[in-house]
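Chain letters run A, B, ... following the sequence lines, proteins first and then strands; every chain starts at 1.
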Amino acid sequence: MTPSDIRLHNTLSRSKEPLPTGPDGTVRMYVCGPTVYGPIHVGNARPFVLFSLLKRFLQHSGYRVVLASNLTDVNDKIYAAAAREGVPSAELAERYGREYVADTDRLGLGRPDVEPRVTDAIPEIVDMIARLVDRGLAYAAGGDVYFRVREFPGYGALSGRRLEEMLDTDPGPAKEHHLDFALWKGRKDGEDTFWDSPWGPGRPGWHIECSAMAHAALGTDFEIHGGGIDLVFPHHENEIAQSEGADGCRMAKLWVHNEMLELGGKMSKSDGNIVLLRDALAEWPAEVLVMFFLRSHYRSKLPYGHDALAESARAAERIRNTVRGLDRALAAPGDQLRPALARSVAEARAKFAEALADDFNTPGALAALFEAVAAVNAAVDGADRPSEGQLQSVRTELATMLDLLGLGALAAPPGDDVPADVAALVEARAAARAARDFAESDRLRDAIRDLGYEVRDTPDGQQVGPR
RNA sequence: GGCGACGUGGCGAAGUGGGAACGCUGAGGUCUGCAAAACCUCCAUGAGUCGGUUCGAUUCCGACCGUCGCCUCCA
């Protein structure tokens with residue numbers, strides 16, 4: 001894939017644009033991570049999955065990718081949660097930051113290259129605020145520092161808003177204009193995490209952290225800035241104002257926003273309609289959750305629910321069955337190259353890559369993958385099996401596609417770690433079948449099932465796997 | 001009030017100005033001792049509603065209805 005082949009939807013232009021690249025051909029991405037005042041929910045995982053996989057796809061397409069994704073570890077809700085739990089706010093943020101990393105690790109998609117914390121970026125933040133003050137784009141008022149929105153001409157470009165049309169929802173007595181937002185918040189009673197600054201003790205406002213951390217990690221004019229669509233206004237709008245105001249050049253070339261997960265309306269911590277990621281992962285394997293995300297386009301709303309997850313599990317199972325069938329065929333391959341199979345798989349691969357290149361259309365990519373799956377199943381079905389070399393190369397093709405989608409687990413060998421009690425039943429069942437004692441055979445199959453395993457009879461003998 | 005997204009078969013979900021992918025479910029069949037898996041066949045003359053543009057629209061334009069998001073913290 002060359003840059004002009006890969007296209008992504010840019011929120012700024014509301015249209016698909018060719019993938020931008022840096023001077024050295026790299027793609028730098030900054031993605032807004034969560035505020036860590038509690039365990040994250042499944043909705044928080046959507047951007048994590050999206051950008052982890054986008055990074056994979058871009059790397060596979062030959063790009064050097066740097067992915068930075070922050071953790072917000074100072075904020076009002078953290079103070080509040082810490083007060084509720086009776087622990088220092090820094091300790092609480094540190095704990096939930098760790099849990100965020102542990103929870104997302106379980107998705108098996110790797111980590112971003114950089115995961116900056118706000119509390120490690122205070123000097124950069126203070127420095128950026130000072131530059132904004134110097135340039136007349138910010139002013140101190142009563143211990144706070146505010147961004148002077150009217151002085152930034154492009155304000156509203158990302159979210160498509162005009163200053164005059166916006167409601168006066170957040171007046172604030174010290175502000176010159178109701179939309180001016182805090183860069184630095186003076187310390188209030190009970191706030192136990194704070195730093196000194198030229199404007200007095202306090203801590204950063206919500207938006208400035210991302211401007212400063214993105215700048216520190218990726219510089220200016222980086223390629224992609226991402227996050228949930230609920231961050232477009234005010235968060236990303238304000239980031240642009242701060243970064244471009246302070247640096248005098250563009251912050252990011254292209255803005256990618258994922259739509260929301262829904263659970264009777266947008267899944268949101270403040271609304272309380274959430275399912276924790278760890279709870280979802282206790283109920284479903286990681287690859288099923290990834291499949292669930294993949295089955296809809298990242299710019300579509302996605303309702304979360306048991307039925308959708310169960311369906312994702314069955315779809316994943318179809319792929320797993322195909323890989324198993326392939327491995328069974330490899331144990332007793334034929335000696336013919338099957339041109340029809342080769343053609344089908346090659347076509348599917350091309351379609352797969354095209355779909356991902358077209359605004360990361362994962363449902364389209366899955367469709368292509370399933371076409372390959374069907375072709376493989378048909379080819380492996382009969383006695384006239386493809387040659388070992390062809391089976392190997394087809395298996396590699398499938399594994400590559402699965403890996404790109406974060407579904408590598410579906411191509412993993414089933415694992416021989418069947419418990420001894422199950423193995424004993426399987427052995428007994430083999431004996432019963434040899435003796436054509438089918439009543440006993442069926443009884444043993446049920447017993448095996450009760451232990452959580454499933455046995456299938458194939459021409460090559462019994463096959464056992466987790467149910 | 002302002003801005004924006006979306007409405008496709010029983011369910012989920014893509015692409016597309018001219019044959020409506022793919023997955024799940026369902027029906028029939030093949031294989032199997034029986035299952036399971038897999039394979040074969042079938043399941044939207046119609047795409048929220050109503051208009052318009054066009055030789056032709058699900059795809060473009062408009063109106064209306066409906067769902068949702070942002071405008072306050074938010075992935």
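For the pair A:Lys188 and A:Phe194, the cation-pi criterion (under 6.0 Å, within 45° of the ring axis) is not fulfilled.
One atom, NE2 of A:His257, and another, P of B:rC68, lie 23 Å apart when rounded to the nearest Å. Straight-line distance from the CZ atom of A:Phe360 to the P atom of B:rA14: 14 Å, rounded to whole Å.
Across all strands shown, A:Arg314 has heavy atoms under 4.0 Å from sugar-phosphate atoms exclusively, and none from any base. Among the atoms of the strands shown, only primed sugar atoms or phosphate atoms (P, OP1, OP2) are found under 4.0 Å from some heavy atom of A:Asn321. Among the atoms of the strands shown, only primed sugar atoms or phosphate atoms (P, OP1, OP2) are found under 4.0 Å from some heavy atom of A:Pro34. Contacts of A:Glu317 with the nucleic acid, taken as non-hydrogen atoms under 4.0 Å apart, are absent. Among the protein residues, A:Gly325 comes within range of no part of the nucleic acid, since none of its heavy atoms lies under 4.0 Å from any strand. Using a 4.0 Å heavy-atom distance criterion, A:Arg162 is classed as making no nucleic acid contact. In this structure, A:His297 reaches the sugar-phosphate backbone alone: every heavy-atom distance under 4.0 Å involves primed, P, OP1 or OP2 atoms, never a base.
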Would you tabulate the side-chain donor-acceptor contacts of residues 147-162 of chain A under 3.5 Å, counting partners in other chains and residues two or more places apart, or write 'none'?
from     : atom 1 : to       : atom 2 : distance (Å)
A:Arg148 : NE     : A:Glu176 : OE1    : 2.8
A:Arg148 : NH1    : A:Gly136 : O      : 3.0
A:Arg148 : NH2    : A:Glu176 : OE2    : 2.8
A:Tyr155 : OH     : A:Asn238 : OD1    : 2.5
A:Ser159 : OG     : A:Arg161 : NE     : 3.2
A:Ser159 : OG     : A:Glu237 : OE1    : 2.5
A:Arg162 : NE     : A:Glu165 : OE2    : 3.4
A:Arg162 : NH2    : A:Glu165 : OE2    : 2.6

Give every donor-acceptor pair under 3.5 Å between a side-chain atom in residues 68-77 of chain A and any protein atom, sequence neighbours left out.
from    : atom 1 : to       : atom 2 : distance (Å)
A:Ser69 : OG     : A:Val31  : O      : 3.1
A:Asn70 : OD1    : A:Tyr30  : OH     : 3.2
A:Asn70 : OD1    : A:Gly33  : N      : 3.0
A:Asn70 : ND2    : A:Thr72  : OG1    : 3.3
A:Thr72 : OG1    : A:Glu209 : OE2    : 2.5
A:Asp73 : OD1    : A:Val118 : N      : 3.2
A:Asp73 : OD1    : A:Thr119 : N      : 3.1
A:Asp73 : OD2    : A:Thr119 : OG1    : 2.7
A:Asn75 : OD1    : A:Lys77  : N      : 2.5
A:Asn75 : OD1    : A:Ile78  : N      : 3.3
A:Asp76 : OD1    : A:Arg203 : NH2    : 2.4

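Among residues two or more places apart in sequence or in another chain, the side-chain hydrogen bond (donor to acceptor under 3.5 Å, both in side chains) test is passed with A:Arg314 by none.
Of the candidate nucleotides B:rC73, B:rA5, B:rA38, B:rA38 has the atom lying nearest to any side-chain atom of A:Arg318.
The base of B:rC70 sits within donor-acceptor range of the side chain of A:Arg161, with an N or O pair under 3.5 Å.
Counting heavy-atom neighbours within 6.0 Å of A:Glu427 CD, excluding the residue itself, gives a total of 12 or less.
Ring pair A:His235/A:His207 is tilted by interplanar angle, where 30° to 60° counts as tilted.
Each of A:Glu259, A:Arg46, A:Lys301 was scored for a side-chain hydrogen bond (donor to acceptor under 3.5 Å, both in side chains) with A:Ser296, with one residue passing: A:Arg46.
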**Message:** Let me check I have this right: for RNA chain B, each base becomes ., (, ), [, ] or |, based on Watson-Crick or G-U pairs with both distances under 3.5 Å. What is the full string?
**Reply:** (((((((..(((.....[...))).(((((.......))))).....(((((..]....))))))))))))....
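Residues in residues 299-320 of chain A take part in these ring pair (Phe, Tyr, Trp, His ring centres under 6.0 Å) pairs, two or more places apart or across chains: A:Trp284-A:His306, A:Phe292-A:Tyr304.
Ring centers of A:His257 and A:His236: under 6.0 Å apart, within the cut-off.
Contacts with RNA chain B (heavy atom under 4.0 Å) in residues 181-191 of chain A: none are found.
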